[in-house]
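Single-structure report; data block below.
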Amino acid sequence: MPRASALLRYLAGVSIVVVLAILVGGWRAAHRDPVIRRVTLSLPDWPRGAPPIRVALASDIHAGGGAMPADRLVRMIDRIAATNPALVILAGDFVDGHEGRTARAAAPSLAAALRRLHPLLGTIAVLGNHDNDSDSAAVARAVRAGGATVLENEAAVRGPLVIGGVGDAYSGHDRVARTVAAMQSKPGARLFVTHSPDVATKLPPTATLLAGHTHCGQIVLPLIGALWVPSRYGNRYRCGIVREGGRTLVITAGLGTSMVPVRIGAPPDIWLVTLGPRRN
């Protein structure tokens, strides 16, 4: 019995050390600089003669959260700026938590950080579920004060693109028909932007969609996979490039974290999406 008790204590100690090591590694991964990912996509309605453009897609900043203190927020925005995109798209969840006071406290530093972006074609933003659940008006004001255009089931023209910003489906703010109608009266190749990729099934069959929300699972374990994906479709829209028929989605892992400031197997990232005409 003494030997058995000693063995159990030893195994318990080893287990604690392993768990702590994993958590420390996950904390460091959540605070690291983002991976820069690249993809080139062709849009069927690209204006004749217009050159391709590079778009930086980032999402899920979660300002005020455990992985996004003010200094890291500035660093993340500077990393976006350093990619020298023609257009920046920010796909929601600017603030952490679900309380208005948290959103209002994060607003000044968020606006100040976003003002460091100066892309040629500007910055387009949509709101996420955390923004809607806390104080959407305060978040939208902060994002606009940072120089971005906030689209909520609306459309805007930027260079060769007409961009439809669909409200977040996860929090029930998506109005796809309204967004499509707003896009139809404007010239340019159609690009959809939203927070939750779940809205993809409601979009036109040849739509190209940029989204975030899932954090690519945030905690993805070997053999087990993602512990939780906030989507009614499970892993279908968890991460990266998803092609379904004529639809193409690019889903970023985001920059911050939700609930716990830990990432395992799903590092923060920024997507550089080069958009241009269809190749012959």
Side-chain angles (χ1 to χ4, degrees), residues 37 39 41-43 45-46 53-61 80 83 85-94 114 117 119 121-132 136 139-140 143-144 146-171 173-184 186-204 206-215 231 237 239-244 247-255 269-276:
R37 307 188 191 278
V39 65
L41 301 177
S42 58
L43 300 183
D45 47 0
W46 194 260
I53 66 169
R54 182 166 58 187
V55 176
L57 167 66
S59 184
D60 297 274
I61 292 172
I80 297 171
T83 65
L87 174 70
V88 172
I89 289 180
L90 302 175
D93 271 5
F94 291 93
L114 292 178
L117 294 172
L121 298 178
T123 300
I124 294 290
V126 293
L127 299 183
N129 57 295
H130 282 263
D131 308 320
N132 289 323
S136 60
V139 176
V143 174
R144 292 189 183 104
T149 298
V150 178
L151 298 178
E152 181 76 4
N153 302 304
E154 300 166 297
V157 175
R158 293 293 183 272
L161 297 170
V162 55
I163 302 168
V166 183
D168 172 53
Y170 193 78
S171 51
H173 287 74
D174 55 313
R175 303 292 183 270
V176 173
R178 184 187 306 172
T179 307
V180 171
M183 298 172 75
Q184 286 176 343
K186 301 180 186 300
R190 283 159 172 72
L191 177 69
F192 289 89
V193 179
T194 195
H195 181 59
S196 169
D198 281 9
V199 80
T201 59
K202 303 178 183 180
L203 297 180
T206 59
T208 297
L209 174 67
L210 307 184
H213 178 61
T214 65
H215 298 201
S231 166
Y237 300 133
C239 192
I241 301 168
V242 179
R243 291 185 170 92
E244 294 184 331
R247 292 192 188 102
T248 300
L249 289 75
V250 181
I251 304 155
T252 173
L255 299 173
D269 67 23
I270 296 168
W271 277 90
L272 294 183
V273 184
T274 300
L275 299 171

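For the numbers below, each heavy atom of this structure counts, side chains included, while hydrogens, waters and symmetry mates do not.
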(request) Identify, with sequence neighbours excluded, every residue that meets side-chain contact (heavy atoms from CB on, under 4.5 Å) alongside Thr206. (result) none
(message) Please check: side-chain N/O of Asn153 versus main-chain N/O of Arg175, any donor-acceptor pairing under 3.5 Å?
(response) yes
(message) Within the structure provided, determine whether Val157 and Pro187 are in side-chain contact (heavy-atom separation under 4.5 Å).
(response) yes
(request) Check whether any side-chain heavy atom of Val143 lies under 4.5 Å from a side-chain heavy atom of Leu90, and answer yes or no. (result) no
(request) State, to 0.1 Å, how close Ala211 and Leu57 come at their nearest heavy-atom pair, and which atoms those are. (result) O-CD2, 4.0 Å
(message) So, using salt bridge (Lys or Arg N to Asp or Glu O under 4.0 Å) as the criterion, who are the partners of Arg37 when residues are at least two apart?
(response) Asp269
(message) Just to verify, what does Ala155 make a side-chain contact (heavy atoms from CB on, under 4.5 Å) with, not counting sequence neighbours?
(response) Val162, Ala182, Met183, Lys186
(message) Looking at every non-hydrogen atom in both residues, tell me the closest pair between Pro85 and Val55 and how far apart they are.
(response) CB-C, 4.3 Å
(message) Tell me whether Thr179 contacts the main-chain N or O of Val166 through its side chain, where contact means a donor paired with an acceptor under 3.5 Å.
(response) no
(message) Could you check whether any side-chain N or O of Asp131 sits under 3.5 Å from a backbone N or O of Gly92, counting only pairs where one atom can act as donor and the other as acceptor?
(response) no
(message) Less than 4.5 Å apart, side chain to side chain, heavy atoms only: is that true for Thr252 and Ile270?
(response) no
(request) Only counting residues at least two apart or in another chain, list the ones meeting salt bridge (Lys or Arg N to Asp or Glu O under 4.0 Å) with Arg247. (result) none
(request) Would you please name every residue forming a salt bridge (Lys or Arg N to Asp or Glu O under 4.0 Å) with Lys202, sequence neighbours left out? (result) Asp174
(message) Quiz question: by atom type and distance under 3.5 Å, do the side chains of Ser196 and Asp168 form a donor-acceptor pair?
(response) no
(message) Restricting to side chain to side chain donor-acceptor pair (under 3.5 Å), what partner residues turn up for Thr274, sequence neighbours left out?
(response) none
(request) May I ask you to test the His195-Asp60 pair for a side-chain heavy-atom distance under 4.5 Å? (result) yes
